Amino acid sequence: MSVRALWIISYERGESVAVRFSRRYPTVEQRAKCMAGSLYVSVPEDGTVLQLLLTELGLSDSDKPYMALRDDCLHQQRSPALELHVEGPSGGVLWPMLVISQGPLILACLAVVDAPADPRPPLICPLGTPLDIPQPGASSASAMPTPAGTQKQPAWKTGVHRGRAVVNVALTEMVRSMQYGNRNRQDLWDVYGTVTCKCEVEGVLPNVTVTLTLPPNGSPLMDVLVHPCVSSLDASVLTAMSVEDCDSSSFSGPYKFPFSPPLEPFRLCSYTSQVPVPPILGTYQLKDDDNQLRITVSLKLHESVRNSFEYCEAHLPFFNRDQMGSVDVKVSSGQLEVSKEKNLLVWVLGQKFPKSREVSLEGSVSFSGELPGPTDPLCTDLTAYIKLYFRVPDLTLSGCCVDQHSVQVYSSAKPRIVTSRELLSSEYFIWNSTGTAPVSSGHMML
Amino acid sequence: MSANWPERISAFLRSPSQFLCSTTSDIFLAEVLHELRDDRASDHIKVLLLSPLLEHPTLLCPSVFVGEETALELMSVFAQCSPKSLPLRCHLLLALTSVLLCSCCVSSHTSASQDFLDLLLQMAQDTNDAQAGAALHPLRTTACDCLRELEACLPGLLSQRLELLSSLRQQENSRLHQAYTGLHALALRNAVYLLTQQKEAGAGDLKAALGSNEGFVWGEGADSAHPNSESHSDLALFSPLTLGTMGKVPSLQTGLDCKELRSLLSSLLEESYLLTSLSQAALLRQLVEVLAMVPAVSPTILRAQLLRLLGTCKVCLLHTTLLMKAAFTDSLFNAEDEAFLLKRLVGLSQHPLLSTPEKLFYIDCILHFPENRPISSGDESLPVLLTPRLAAALVPTVFNDSVSMLARLNLLSLVYLEEGEEDREGQGGRGLAYLYDHLTSLLRIVENQASREMVVTFFRASFLFLLHFCHVERYSEDLSQRLCDLYLRRTRLAPHLINLADRTQDRLEESGWAVALLRALQRTITEAPLSQLTLQDLRWHLRILARVAEEGEVLQRATLNFLLCVITSSSSALCVSGDWRLGNSVLGVCRRLLLHPSLDSLLTPLADLLQHLTCHYGETDIQDHARLYYTLLTTLSQEKLAGVLAQRGTERGRQAKVRSLSAIMGENEELTSGLTVHQTERPLLRLVKLDKHEPDECRPEHKPDSEPACETESSPGQGGIEDYRAQFQSSSFASEITLQYHLTHTGVHDPHFDKLFSIRLHFDLTDGHYEEVSDISVPCLFRTRKPPTVRLRLKPKQPYHTTLRASAIFTTEDGLSWHSPLADLHVAFPEVFLPLLTPLGWAREKKQRVFEGIWGEICSGQSEGDLTNTATSLFCDQLEDSAVGELVEKYFQRYLVSDLDKGRCNVLFFLPPQSHVLLKVITEEDAVQVHIATDNWKLLPYINSYLEDITKEIHSTQQVNGDV
């Protein structure tokens, strides 16, 4: 345990700020004092820490447009480790303060650095060493105490499972896209997937192997990250990486992940992949016509994608304009919902594209409302986008799948094995081709 | 009392200092301990009561004695606890650890700490719940954790217990093996380190240490490593990899025979998989340290774990991999591994499934990548393998959150800076062009009413860009222009722009970009059509112009014209409105203009402006200040103005200036003190008389008679006295006496006055015998330097002694003016004497003739002058020959007209303006006769007392010589 102190702070924008919990570790503090020597700065009381932290995070005095302490351009907060500048005679810099914001909570801890304070060691130097963190979803209800035996029980496993053996493997793939409809700007899309498991298997250290397979000419899974319960990895699983050009001859499966499962559901592995085409290709064109926008949209579902959605919607928001007045828009398929307050058109495409796999939207919208609509700093003038939301069950774009029969469980009872897969949209944008669209990746220009 | 314990404890934890204002730590500690002993209090409350001891043991137990007493109390509470009170017992163990460690009981090796250690070890030895059952798991875990903390704070404490720790770890099969592993690994690491510090320790010692099962080591190793000690090797105990002497990892020379250690490390590594990620990381780190210290065991035993660690999604485990790479470089990672690891880091830095803090951490890891063959060392440097192509994955985009965007911009700036160095034209490549495009995209967002956070981010990004690419004029000039355009559209960005200018000026002093920006902003403001100027814009403009006015290099004419236009002509409504804050801002600009080096050329318009404000501004305070500035401008020298207005401005720095609401209020006090002449309490200066006489300047020189000086054309025969008299036709001739003094500090020692400048000495007469004395200026007086010489010229009306009142006005280093009196200056009668004044080159005989002439005139009463004024007298005294010689040499030398010859000589004192005193000294046997003749009989009493004084003096020195 090498954390000098930690804080949990609740912060609701401009409303109330309070230290909900704090804890100091005086024995670690002693070591910190020893390591830092003359540069030692003691941890101030909670009220002071709170104020310093909010200033550092740019959250203090939110009613003031500029505060020298908070907004100085010299102050480049670029790493997860902040510095707090303590004033006064015993003042100095407290570092590294590790901060994570989670919803209305700010979690902060001050770690001890096992190195002299000056020159400041890079973060790569060891920080604190807490022993464990609670696993999300861990429940002790199903856990039984471990029977005495010769096998050592993993420290990350709270007990053993008793009851029917079930292994559940779910593959979720997300597709992102930036489509510009512009010859000078390359459209982008990629997918990333996660394999989530819940394994209810008996034994102190049961062995399970999940194998991911790709279709014959599928492009390899890249940037593979595995859960620490995976006991061994083949080097070839890790070779493909999105940051370099892919070699078509490189390893493309099967990807074997032997592991001993924890009791709670966990993310066994994740990957990214590059697929040849985006599932839905769209064009979006706006023409500004005397405070009235003429809109033309067409969407085409790629033939390789199964035409069976759980839902599919296209959202057309309009920013930095007055509220919508008249909306005169026709769609070739699906329904159109208009939210005048939000300046939003929602095109509900439903479960299926028509046989042609093409749909279109055309019409005009005037912005003659008396109140201003929502604003957005990015989408001014003709910079506008359509965002797609869809889910296709039982599909992955990469072709990656977990075959039920490929899941091996070395256990006395034969388990029931359930596998599933799905495709979800994430950050799926189609930009208006008559406006300037923001650059979203360095690969576009190089 | 017990009812409010939760409240009291939380009040204490919230702010111990405030809590202890209303009680003392002794009383509070006594209360806590009393309540802990109370059987009626619930376990829940007792756990709560322990938290002050857990978190602030040093406040409550400031000495070993109090610590020991408290520990004994806690141990007895622990002993009396019901076995079922598990949480309380665990917390008691933790509190005991805190108290004993922090009050230095363990390092002082007190009996309570020994008992406590025995207790912990005894609890830890119940592996697999053989005695107490699984219910006591938490207690056993806590005991292990306490032991680990003790070992961490006093490294080496358990170094003679390694065999026990090893067997406990191996025996334990429940989840608790993690606690034993952590304890064992730490003790092992510390034991190996201590061996490296022993001279000639080798394989045998290592083997012995691994198999040791003795007591706790209270000896030197543990004691000297206590956090209060300072030596370097002690620090290295906490982190041998980074802190070994001279950056070298301490090492243990064992030869190849390290079977035991190797198999121990292998078994720890094999089981590492069973630990939680965080514990695994800690374990691996300690094993890396052991391996680094014992070169006989090859680091390749880590290889089996590497792939698992490289593929992990856990930050802490990948971090350990980087640590291994830093420690073992190419003996564990070949070039291919290195390339892989770097690419992996780049990939992780932008992985869609990772959180922002994780990605930021990986970017940081790239900038501190442990290369096998590092070229540069420094704070942030790029790994050689990070090509622009690879780094392109991390270009900043407008979709990034602020912190990630800045981190990416910083990284890519470094990449393209290096790329640009290869580019001959120095214009940067496509990468740089992209970064600049990105910056302009951010600028457009800011233009479109972006959030405060976005604005701040944009200015930080601009600063970062300039920091790296200020030299690429194509971009830096364009940015400057765009910022001006942005400013006109969003004037409330003024403080950000000023901040950017300040910071770039500090960091890129030689580039001049900040001054160029300020100049451009001045142009933007002053050239914009006045008809569109709103009041709000004007407020911001004035802030910018005030900052521009601080730049000596920027001409200020445009600013003044702008202010004149705004104030005098078009919107005279401004003046009528009498807005104090606005007026204050205008004066803020004026104040800086008063300090501007080109003030001379601004004099008229600035005076016009101030006068207009004085007469027409509808706010009295502003009028007053404008009048004050006007007066300052028109009456003070530029240097004094600068001294008065700029006082302490630089010391307080910009932030303080920004904070003060008013441009004038803040300065008001300083102004007053700057313009007031302060009075010193005591005299600080004095004038010390110099005995040496002015080298004759207005008077003819005394030349030795050996020079048969030319009997010049002006000396027709014996007409000496006429020539002499003729000199007096010029009224200024010989009308002054000059006295020389050293100006020095008095004994009063105040460092504030060590350096004085522009000293002006003033003298007042106390009688009517002299003309008014003019002031004397001395440029400076430093306590450390030679004192300056001051020449005081006195013009007597009557040649009498006098007293002058003296005082000084001067400036101290901080620009304040002071008045200080000096001690009265006494001018004695003989100080008025001048020798016979003759034209240059007169021979001794001729002077003698003048003497005889005057003597004759006085004695014979044939003088044409005022005969009633003449007088003769005789002074006699008993003096020996030698004494006469001394008298003449000491007092009359300068005034001799003839040399001392057989006890005779002639002496002439001239006393300005027109008086003469002539002496004929005649020695006869043991008596001296001084015949006196003067053309001013009123001088006789003074002459008499003068002669009495000097003969008395001679007598006393003769006496002394005779005694010797």
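What you are looking at is a predicted structure, and each value in this text was computed from that prediction instead of being measured. Sequence lines set the chain letters: A, B, ... in the order given, protein chains first and strands last, and positions in each chain run from 1.
- Ranked by heavy-atom pairs under 4.5 Å with chain B, the list A:Leu233, A:Val226, A:Thr48, A:Asp234 is led by A:Val226.
- Within a 6.0 Å sphere centred on CZ of A:Arg23, heavy atoms belonging to other residues, nucleotides or ligands number more than 12.
- Contacts of A:Val224 with chain B are made by backbone atoms alone, with heavy-atom separations under 4.5 Å and no side-chain atom involved.
- For B:Ser441, no part lies under 4.5 angstrom from a heavy atom of chain A.
- Heavy atoms closer than 4.5 Å to chain A are found in the side chain of B:Val456, but not in its backbone.
- Both the backbone and the side chain of A:Ser231 come within contact range of chain B, with heavy atoms under 4.5 Å apart.
- When heavy atoms are compared at a cutoff of 4.5 Å, B:Phe399 approaches chain A solely by way of its side chain, counted from C-beta outward.
- Interface summary for chain A: among B:Thr181, B:Leu354, B:Leu275, the most heavy-atom pairs under 4.5 angstrom belong to B:Leu275.
- Contact annotation for A:Cys229: both backbone and side-chain heavy atoms come within less than 4.5 Å of a heavy atom of chain B.
- The side chain to side chain donor-acceptor pair (under 3.5 Å) test with B:Ser174 is passed by exactly one of B:Glu172, B:His177, B:Gln178: B:Glu172.
- In terms of non-hydrogen atom pairs under 4.5 Å with chain B, the most contact-rich of A:Pro154, A:Pro44, A:Ser101, A:Ala5 is A:Pro154.
- Neither the backbone nor the side chain of A:Ser426 has a heavy atom closer than 4.5 Å to any heavy atom of chain B.
- Proximity to chain A (any heavy atom under 4.5 Å) is restricted, for B:Arg452, to the side chain, taken from C-beta onward.
- Only the side chain of A:Met178 comes within contact range of chain B, judged by heavy atoms closer than 4.5 Å.
- Only the side chain of B:Leu348 comes within contact range of chain A, with heavy atoms under 4.5 Å apart.
- Under 3.5 Å, the side chains of A:Asp46 and A:Ser22 contain a donor-acceptor pair of N or O atoms.
- In this structure, B:Ser349 contributes its side chain and B:Leu345 its backbone to a donor-acceptor pair below 3.5 Å.
- Contact count against chain A (heavy-atom pairs under 4.5 Å) is highest for B:Leu54 among B:Leu500, B:Val346, B:Leu54.
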Exercise. Are B:Glu149 and B:Thr97 close enough, and set up right, to give a side-chain hydrogen bond (donor to acceptor under 3.5 Å, both in side chains), and what steps lead you there?
Worked result: CA-CA 8 Å; B:Glu149 195 60 26; B:Thr97 310; over 6 Å; no

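- In this structure, A:Trp156 and B:Tyr273 have perpendicular ring planes: the angle between them is above 60°, well past the 30° mark.
- Both the backbone and the side chain of B:Leu310 have a heavy atom closer than 4.5 Å to some heavy atom of chain A.
- Contacts with chain A were tallied for B:Pro495, B:Ala450, B:Gly347; B:Pro495 has the most, counting heavy-atom pairs under 4.5 Å.
- Looking at A:Arg70, both its backbone and its side chain come within 4.5 Å of chain B, counting heavy atoms on both sides.
- No side-chain N or O of B:Gln280 forms a donor-acceptor pair with one of B:Arg285 less than 3.5 Å apart.
- Contact of B:Pro16 with chain A is made through backbone and side chain together, with heavy-atom distances under 4.5 Å.
- In terms of modelled atom types and a separation under 3.5 Å, the side chain of A:Asp72 and the main chain of A:Leu74 share a donor-acceptor contact.
- When only modelled atom types and interatomic distance are considered, A:Ser270 and A:Thr194 share no side-chain donor-acceptor pair under 3.5 Å.
- Interface residue B:Arg507: only side-chain heavy atoms are found under 4.5 Å from chain A.
- Using a 3.5 Å distance cut-off with no hydrogens or angles, the side chains of A:Asp223 and A:Thr272 do pair a donor with an acceptor.
- Ring geometry for A:Phe429 against A:Tyr385 counts as perpendicular: the plane angle is over 60°, on a 0 to 90° scale with 30° as the lower cut.
- In summary, the side chains of B:Glu358 and B:His351 do not present any donor paired with an acceptor at a separation below 3.5 Å, with no hydrogens or angles considered.
- Between chain B and the options A:Arg267, A:Glu29, A:Met174, A:His75, the largest number of non-hydrogen pairs under 4.5 Å is found for A:His75.
- A donor-acceptor pair under 3.5 Å is formed between the side chain of A:Thr239 and the backbone N or O of A:Ser236.
- With a 4.5 Å cut-off on non-hydrogen atoms, B:Leu317 touches chain A through its side chain but not through its backbone.
- In terms of non-hydrogen atom pairs under 4.5 Å with chain A, the most contact-rich of B:Gly311, B:Pro357, B:Ser451, B:Pro57 is B:Gly311.
- Heavy-atom pairs under 4.5 Å with chain B peak, among A:Ala235, A:Gly47, A:Ser232, at A:Ala235.
- With a 4.5 Å cut-off on non-hydrogen atoms, A:Pro26 touches chain B through its backbone and its side chain both.
- Between the side chains of A:Glu173 and A:Tyr271, at least one donor-acceptor pair of N or O atoms lies under 3.5 Å.
- Note on B:Thr320, B:Asp437, B:Thr58, B:Leu353: by heavy-atom pairs under 4.5 Å with chain A, the leading option is B:Leu353.
- Side chain to side chain, A:Glu45 and B:Ser17 meet the donor-acceptor criterion of an N or O pair below 3.5 Å.
- Taking A:Pro262, A:Cys73, A:Pro228 one by one and counting their heavy-atom pairs under 4.5 Å with chain B, the maximum is reached by A:Cys73.
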